[in-house]
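Taking it in order: structure first as structure tokens, then the write-up.
Below, chains carry the letters A, B, ... as their sequence lines are ordered, and counting in each starts from 1.
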There are 2 protein chains.
Amino acid sequence: MVLKKNVERQIGVALWRQIADRIRLSISNGDYDQTGMVPPEIKLAGQFGVNRHTVRSALAALAEEGLVEAIQGRGTMVRRKERLSFPISRRTRLSQGLSNQVRDIRSRLLAHEELPATAESATALGLNLGEKLIRMDTTSSADGRPVSYSTSYFPAARFPDMARHFEELGSITKSFAAQGLADYVRVSTEIVARHADANELATLKLSAGAIVLETIAVNADPDGVPVQYSRSRFAADRVTLKMET
Amino acid sequence: MVLKKNVERQIGVALWRQIADRIRLSISNGDYDQTGMVPPEIKLAGQFGVNRHTVRSALAALAEEGLVEAIQGRGTMVRRKERLSFPISRRTRLSQGLSNQVRDIRSRLLAHEELPATAESATALGLNLGEKLIRMDTTSSADGRPVSYSTSYFPAARFPDMARHFEELGSITKSFAAQGLADYVRVSTEIVARHADANELATLKLSAGAIVLETIAVNADPDGVPVQYSRSRFAADRVTLKMET
DNA sequence: CCGAAATGTCTATTAATGTAGACAACCATA
DNA sequence: TATGGTTGTCTACATTAATAGACATTTCGG
């Protein structure tokens, strides 16, 4: 029996995109590892119950991402199947967690400003409404591929030079250390998923229409005093969040 | 300055769906808490740079979900803004974690079968390839709204009557207890996000085209022997995964 | 070297999505 | 009760997504 892989119509998500999502998942599941090839277009069209051209659109999108490569006369090869596994634990550190999966991790400061705490950020950081915060927008790339896009808030009174240090050191951990905080721990992490907005698409260099995983996290010093509140967006098709408990 | 909330065209995700996603996020962010109303259609159309009819499609989808309600002459009210926060920790228990957020949690067995372990499930459970497993498909509802759809694998040798117990007790924890396992812990959790397939849409009663958060988890007994490998799908617009570390 | 099987390209048509504008219906309030 | 602001409905049209079919091109194995 050939199982029917249903896709839905008239739902505001184009068929080719649904199919691209499913093939991408199959690739990362290792479904095609035996041959290293994606099934032929006609076969896929049959499985999904769509026209061959629709499958071709999906494959074109995956080729654009660099995930597959079509070769006329032979078929469509899988070029890349890894997702980065991003560990989340009590001692979550971006660079440490990815260091054994990629050669090179680079973080960049996109923007920063000083601003008064809003209700949301004040609550998270245990501050009073209106106290000064430093906001930093940063992005991280692994081997040249953007993986995360974060907006972080720090209490300005305690870490006045966060942005300057980060710009120099390229690391939150090191910037904390440079200001006298040797260690910190992850207190809580919330995770949501949604479609990326245009800003996220551009920053993460996503093939548009993609999904982002967003983590909303609070870090605290060893005494439990919050030092960072951040919202990080990850390209959902490039990472897995992995929690070790 | 009115900020321009960009949406993208020709990306395989209809504009109305992108806009619905964004409004849903704004609702859960509390952006409309002051008035309890979504901005007027014409204003939204301006912000997103689309036609009013496109915004109406987005609002219709949100109304269908029961998130908002339009009242002719007055505007569009926010009806519901809560997301369920689903805690993930070393002692993750579905019912316990949600018990203070909803009145009623109900789990149901959709299907079960005995089958030999595949490479994937054998590795996760520390078994040999081909050893007997029990697979159970279950779904959970909170106050009548489906929140999760899980496929779990258990070693058949150790828990031969998993399905029968679950059917009766409606709880994995209780089913384990009935078979002599009083306690278990979460060993690892991986999280990915993607578009829901037709099966997930139906089971979770999602407004189609929605996004699911999938957790791939392993539970083990107190001695560290794996007892359960499961893949759970959550409606991304109805839950937040929250990790306490 | 032929033929099967695969991808590449083209044309034509239909279905779904989005735009544009007009106006009706309804609500709050001055 | 008149008015401005809002949602509801309708028609017409433009653009994008998907289907259908034909045929070219390339690869590989017998």
Atom CG of B/Leu59 and atom C1' of D/dG8: how far apart are they, to the nearest Å? 13 Å
Against the side chain of B/Ala14, the closest entry in C/dG18, D/dA20, D/dA18 is C/dG18
Over how many whole Å does the gap from A/Leu44 atom CG to C/dT7 atom C1' extend? 13 Å
Please state how far atom CD in B/Glu41 lies from atom P in D/dG8, giving the value in whole angstrom units. 6 Å
Could you state the CD-P distance from A/Gln18 to C/dA16, rounded to the nearest angstrom? 14 Å
Would one find a side-chain N or O of A/Arg56 under 4.0 angstrom from OP1 or OP2 of C/dG8? yes
State whether B/Ser57 places a side-chain N or O below 4.0 Å from either non-bridging phosphate oxygen (OP1 or OP2) of C/dG18. no
Got a donor-acceptor contact below 3.5 angstrom from the B/Asp137 side chain to the B/Thr151 backbone? no
Is there a donor N/O on one and an acceptor N/O on the other, under 3.5 Å, for the side chain of B/Arg52 and the base of D/dG8? yes
What is the distance, to the nearest angstrom, from the CG atom on B/Leu15 to the P atom on D/dA14? 19 Å
Comparing A/Val50 with A/Gln72, nearest DNA chain D nucleotide closer to 5' gives the residue A/Val50
For the side chain of A/Thr54, starting at C-beta, report the closest nucleotide among D/dT7, C/dG8, D/dT19. D/dT19
Hey, does B/Ile71 reach any base, or is it just sugar-phosphate, or nothing, if we go heavy atoms under 4.0 Å? sugar-phosphate
Can any side-chain N or O of A/Arg108 pair as donor or acceptor with the backbone N or O of A/Arg106 at less than 3.5 Å? no
I'd like to know whether CD of A/Glu131 has more than 12 heavy-atom contacts from other residues, nucleotides or ligands below 6.0 angstrom. yes
Report, as yes or no, whether the 6.0 Å neighbourhood of atom CD on A/Glu113 holds more than 12 heavy atoms from other residues, nucleotides or ligands. yes
What is the distance from CD1 of B/Ile42 to P of C/dA20, rounded to the nearest Å? 14 Å
By the 4.0 Å heavy-atom rule, please label A/Thr76 as base, sugar-phosphate, or nothing. sugar-phosphate
Could you tell me how far apart A/Asn51 (CG) and C/dA12 (P) are, to the nearest whole angstrom? 17 Å
When you look at A/Arg24 and A/Asp237, which way does the salt bridge (Lys or Arg N to Asp or Glu O under 4.0 Å) test go after all the steps? CA-CA 8 Å; A/Arg24 193 191 295 106; A/Asp237 57 16; 3.5 Å; yes
Value in whole Å for how far the C1' atom of C/dT7 lies from CE of A/Met77: 13 Å
Does a side-chain N or O from A/Arg74 land closer than 4.0 Å to OP1 or OP2 of D/dT26, or not? no
Is it the case that the base of C/dG21 and the side chain of B/His53 share a donor-acceptor contact (distance under 3.5 Å, atom types as modelled)? yes
